[in-house]
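The structure appears right after this line, and notes come after that.
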Amino acid sequence: MSRKKVGVLISGRGSNMSALIEAAKAPDYPAEIVGVLSNRASAVGLQVAAAEGIATASLAQSKFLSRDMFEDTVTQVLESWEVDIVCLAGFMRILGEDFVNRWAGRMINIHPSLLPLYKGLDTHARAIADGATEHGCTVHYVTPGLDEGEAILQAKVPVLAGDTPETLSTRVLVEEHRIYPEALKILANRLP
Ligand code: GAR
């Protein structure tokens, strides 16, 4: 079995990245994490990945003259790792159309809501404010429209009386860590 090579883009703690790294340790998992790139040098996830012996890179968009130049460099790094698949895991930057099209069908994201509900930020607070009775997470293909690509997997959790954004996000995160590795497996098996 040839395992698909995966590059993970993060901005922070990288708990979803860690879930992917752990899943990929199984010998029959169809993908391996070959590199982790952050747009923030301080991202804790970079240290976690390095401790696992995974290649890391950090690129600050502010150091580039334009978003296109930043994203071209991200692509160069991913290509240097020979990645087949890109996983966005808490990567808090909106990506431009050229970058998204470059990785079309091979780039996925995890989002903390039951898309198409609650695209964008502060999803848990907005679900609570609306009186939603259920919330959750979605792994979807990345397309030029924000949080709009076709879903691969979703998981639901109940919204409980007295939930705060923190308690709800903790409950959702457990499901994120479960479905992201499952969705990556589905994508890796779908690709030729
Ligand atoms: C996760 O909850 C992820 O779903 C969310 O950021 C968090 C990152 O946590 N992503 C988005 O909101 C994307 N729009 P992590 O760094 O521990 O994986």
Side-chain angles (χ1 to χ4, degrees), residues 6-24 31 33 35-52 54 56-61 67 71 74 85-97 99-100 103 107-130 132 134-159 163-184 186-187:
V6 178
V8 183
L9 303 192
I10 64 169
S11 297
R13 89 193 137 174
S15 71
N16 278 291
M17 171 210 78
S18 291
L20 298 177
I21 291 171
E22 287 308 309
I33 313 304
V36 174
L37 184 149
S38 173
N39 64 319
R40 291 195 193 129
S42 60
V44 172
L46 283 178
Q47 297 163 32
V48 175
E52 294 281 348
I54 294 169
T56 61
S58 131
L59 292 176
Q61 184 170 327
R67 181 170 78 179
E71 291 175 358
V74 173
I85 293 172
V86 179
C87 288
L88 307 184
F91 186 69
M92 304 311 267
R93 283 251 158 228
I94 294 175
L95 293 163
E97 201 161 335
F99 184 86
V100 170
W103 298 99
M107 179 158 62
I108 57 178
N109 177 46
I110 183 135
H111 183 74
S113 79
L114 297 171
L115 290 173
L117 297 173
Y118 305 116
K119 297 171 183 172
L121 298 175
D122 301 323
T123 60
H124 310 95
R126 286 155 59 206
I128 291 170
D130 283 353
E134 61 182 18
H135 190 47
C137 49
T138 305
V139 180
H140 63 95
Y141 285 101
V142 178
T143 57
L146 180 67
D147 299 328
E148 279 185 352
E150 183 197 341
I152 299 175
L153 283 178
Q154 280 191 322
K156 291 180 183 172
V157 304
V159 180
D163 257 337
T164 63
E166 290 70 32
T167 58
L168 182 55
S169 71
T170 301
R171 195 174 313 117
V172 170
L173 197 61
V174 172
E175 293 302 304
E176 293 186 34
H177 297 165
R178 185 177 64 79
I179 68 167
Y180 209 177
E182 276 303 309
L184 174 57
I186 290 169
L187 174 59

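Both ligands and their constituent atoms are indexed starting at 1 by order of listing. The residues of the chain are indexed from 1 along the displayed sequence.
Nearest heavy-atom pair, Val159 versus Arg171, reported as atom, atom and distance to 0.1 Å: CA-NH1, 4.3 Å.
Put simply, part of Ile110 is less than 4.0 Å from ligand 1, judged by heavy atoms.
The 12-atom threshold is not exceeded at CD of Glu97, counting heavy atoms of other residues, nucleotides or ligands nearer than 6.0 Å. Counting heavy atoms of neighbouring residues, nucleotides and ligands inside a 6.0 Å radius, atom CD1 of Ile94 does not exceed 12 of them.
When only interatomic distances are considered, the shortest N/O to N/O separation between Asn16 and ligand 1 falls below 3.5 Å. The N/O atoms of Gly14, backbone and side chain alike, include one that comes under 3.5 Å of an N/O atom in ligand 1. Ligand 1 has no N or O atom lying under 3.5 Å from any N or O atom of Asn109, backbone or side chain.
Protein heavy atom nearest atom 14 (N) of ligand 1, with residue, atom name and distance: His111 ND1, 3.4 Å. With respect to atom 8 (C) of ligand 1, the closest heavy atom belonging to the protein is Gly90 CA, 3.6 Å. Among protein heavy atoms, the minimum distance from atom 4 (O) of ligand 1 is reached at Glu176 OE1, 2.7 Å.
Between Tyr118 and the choices Asp147, Asp130, Thr123, the side chain to side chain donor-acceptor pair (under 3.5 Å) rule is met once, by Asp130.
Note on Arg67 versus Glu71: salt bridge recorded, some NZ/NE/NH1/NH2 to OD/OE distance being below 4.0 Å.
Judged by distance alone, the side chains of Gln61 and Asn39 never bring a donor and an acceptor atom under 3.5 Å apart.
Listed by number with element, the atoms of ligand 1 under 4.0 Å from a non-hydrogen atom of Arg13 are 9 (O), 15 (P), 16 (O), 17 (O).
Of the candidates Ser15, Pro112, Ser18, it is Pro112 that places a heavy atom closest to atom 12 (O) of ligand 1.
Considering only heavy atoms from C-beta on, Glu52 comes within 4.5 Å of Glu22 through its side chain.
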